[in-house]
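Working notes, beginning with the structure itself.
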Amino acid sequence: MKPVRVITPLAAGIALVLAGSGLLLSPAAPGAAATAPNNLVVNLGSSTGPFDGGASGSLYGLYDQGVPSDNLIQGMGLRTTDTKAQDGQQHPGSDALEIARPFTESGGKNIYIYMTDVYRNFPYERTSYAQYQGYMKTEIQQVLTSPDKNRIILVPYNEPDGNWFAGLTTDPAALAAFEAEWLQTYDFIKGLWPQARIAGPNLSGFYPAALGSFLQFCLPTSACPT
């Protein structure tokens, strides 16, 4: 099939959608007709595998066992759910370890724990990094007791650009501070749970410059989101 050429700024969004569908995205072949540097070539004739459906998920969509019912979860085809840590204060329900079993038994795949939602308010009212480390340690210890721990992905930061590192998308100093703390947090989590899967940076939007800097920082430190 002839490759389809998609021109940014829509390219980034299309890449994310097609990645979830299992289609292979690749740059233009060497020697091809000259194109603008920001062009993206999508080969619709190549596949990276079956459709995963990972985007079929919910944010605090499961409140407790039976709410919603298992057959409704199955009917919606939920593959992922984002929720708070066990005993977190952000919402009265949706504790990760209480919704894990009905979710996984109804076909769910991955549970993303927003570790910051241990706090009550938004923006989060942490008083120190040491305080947050204490909360993270408790959360991880709780997860390790769960028979569903292999389905759990930890999200240590939620919209850090609007919370503890305000302005990081435009302020190099704020971004550098976040990157340094990300590395510290990544190592801290891995020290407690070497097999942990960690998601991030979870910014409030798509900021190419900040995201690019973050990934370039992570690569040599082996602290890339997993």
Side-chain angles (χ1 to χ4, degrees), residues 8-9 11-13 15-16 19 54-55 57-61 80-92 94-96 110-143 152-226:
T8 54
L16 291 173
S58 68
L59 174 62
Y60 282 99
T80 64
T81 188
D82 302 347
T83 195
K84 68 182 177 73
Q86 187 68 26
D87 304 325
Q89 302 180 65
Q90 187 71 203
H91 297 283
S94 300
D95 295 76
N110 288 316
I111 302 165
Y112 289 79
I113 292 183
Y114 278 29
M115 303 183 79
T116 47
D117 285 7
V118 67
Y119 290 102
R120 177 69 185 89
N121 298 319
F122 187 89
Y124 305 112
E125 69 277 15
R126 84 173 184 183
T127 57
S128 67
Y129 180 66
Q131 178 203 52
Y132 184 44
Q133 276 189 317
Y135 284 139
M136 288 192 291
K137 182 177 181 179
T138 298
E139 293 177 37
I140 293 168
Q141 290 172 336
Q142 291 172 327
V143 167
I152 288 172
I153 299 172
L154 302 176
V155 187
Y157 295 95
N158 178 38
E159 301 185 13
D161 49 310
N163 279 275
W164 304 328
F165 300 92
L168 73 81
T169 59
T170 56
D171 181 359
L175 178 57
F178 170 69
E179 291 169 344
E181 187 174 299
W182 168 271
L183 177 59
Q184 187 176 359
T185 297
Y186 187 96
D187 289 342
F188 178 74
I189 293 174
K190 287 290 190 176
L192 296 171
W193 184 14
Q195 296 77 30
R197 291 183 291 166
I198 305 171
N202 206 24
L203 303 178
S204 62
F206 177 55
Y207 300 97
L211 182 59
S213 173
F214 171 78
L215 293 176
Q216 288 174 353
F217 170 82
C218 290
L219 280 171
T221 63
S222 300
C224 286
T226 55

- Query: If you round to the nearest 0.5 Å, how far is CD1 of I189 from CD of Q133?
  - Reply: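 That separation rounds to 10.0 Å.
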- Point-to-point distance, once rounded to the nearest 0.5 Å, from CG of L219 to SG of C224: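 So the gap between those two atoms works out to 4.0 Å.
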What is the minimum heavy-atom distance between [X] and [Y], and which atoms define it?
{"X": "K84", "Y": "D95", "value": "NZ-OD2, 2.9 Å"}
{"X": "P160", "Y": "L168", "value": "C-CD2, 4.0 Å"}
{"X": "G167", "Y": "A174", "value": "C-CB, 4.2 Å"}
{"X": "E179", "Y": "S213", "value": "OE2-OG, 2.8 Å"}
{"X": "A199", "Y": "I153", "value": "CB-CG2, 3.8 Å"}
{"X": "A196", "Y": "L154", "value": "CB-CD1, 4.2 Å"}

Using side-chain heavy atoms (C-beta onward) and a distance below 4.5 Å, is [X] in contact with [Y]?
{"X": "T170", "Y": "Y207", "result": "no"}
{"X": "K190", "Y": "I198", "result": "yes"}
{"X": "E139", "Y": "V143", "result": "no"}

- Item | ring pair (Phe, Tyr, Trp, His ring centres under 6.0 Å) involving Y129 - partner list, sequence neighbours excluded |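 So Y129 forms no ring pair (Phe, Tyr, Trp, His ring centres under 6.0 Å) with any residue.
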- Query: With F165, which residues qualify under ring pair (Phe, Tyr, Trp, His ring centres under 6.0 Å), at least two apart?
  - Reply: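 Testing F165 for ring pair (Phe, Tyr, Trp, His ring centres under 6.0 Å), a comparison that skips the adjacent residues, returns F178.
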- Task: Please list all pairs passing the salt bridge (Lys or Arg N to Asp or Glu O under 4.0 Å) test where one or both residues lie in residues 114-133, with sequence neighbours left out.
- Result: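 Qualifying pairs, neighbours excluded: R126-E181.
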- Message: Determine whether the aromatic ring centres of residues W182 and F217 are separated by less than 6.0 angstrom.
- Response: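 For F217 and W182, the ring centres are not under 6.0 Å apart.
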With distance as the sole test, does [X] use its side chain to make a donor-acceptor pair with the main-chain N or O of [Y] at under 3.5 Å?
{"X": "Q90", "Y": "Y119", "result": "yes"}
{"X": "Y132", "Y": "P156", "result": "yes"}
{"X": "D82", "Y": "Y112", "result": "no"}
{"X": "S94", "Y": "T83", "result": "no"}
{"X": "S58", "Y": "T81", "result": "no"}

Do [X] and [Y] have side-chain atoms, one donor and one acceptor, less than 3.5 Å apart?
{"X": "Y186", "Y": "T221", "answer": "no"}
{"X": "N158", "Y": "Y124", "answer": "yes"}
{"X": "E159", "Y": "Y114", "answer": "no"}

- Item | Stepwise side-chain contact (heavy atoms from CB on, under 4.5 Å) check, M136 with L192 | CA-CA 10 Å; M136 288 192 291; L192 296 171; over 6 Å; no
- Would you please test N163 and F122 for side-chain contact (heavy atoms from CB on, under 4.5 Å) and show each step? CA-CA 8 Å; N163 279 275; F122 187 89; 3.5 Å; yes
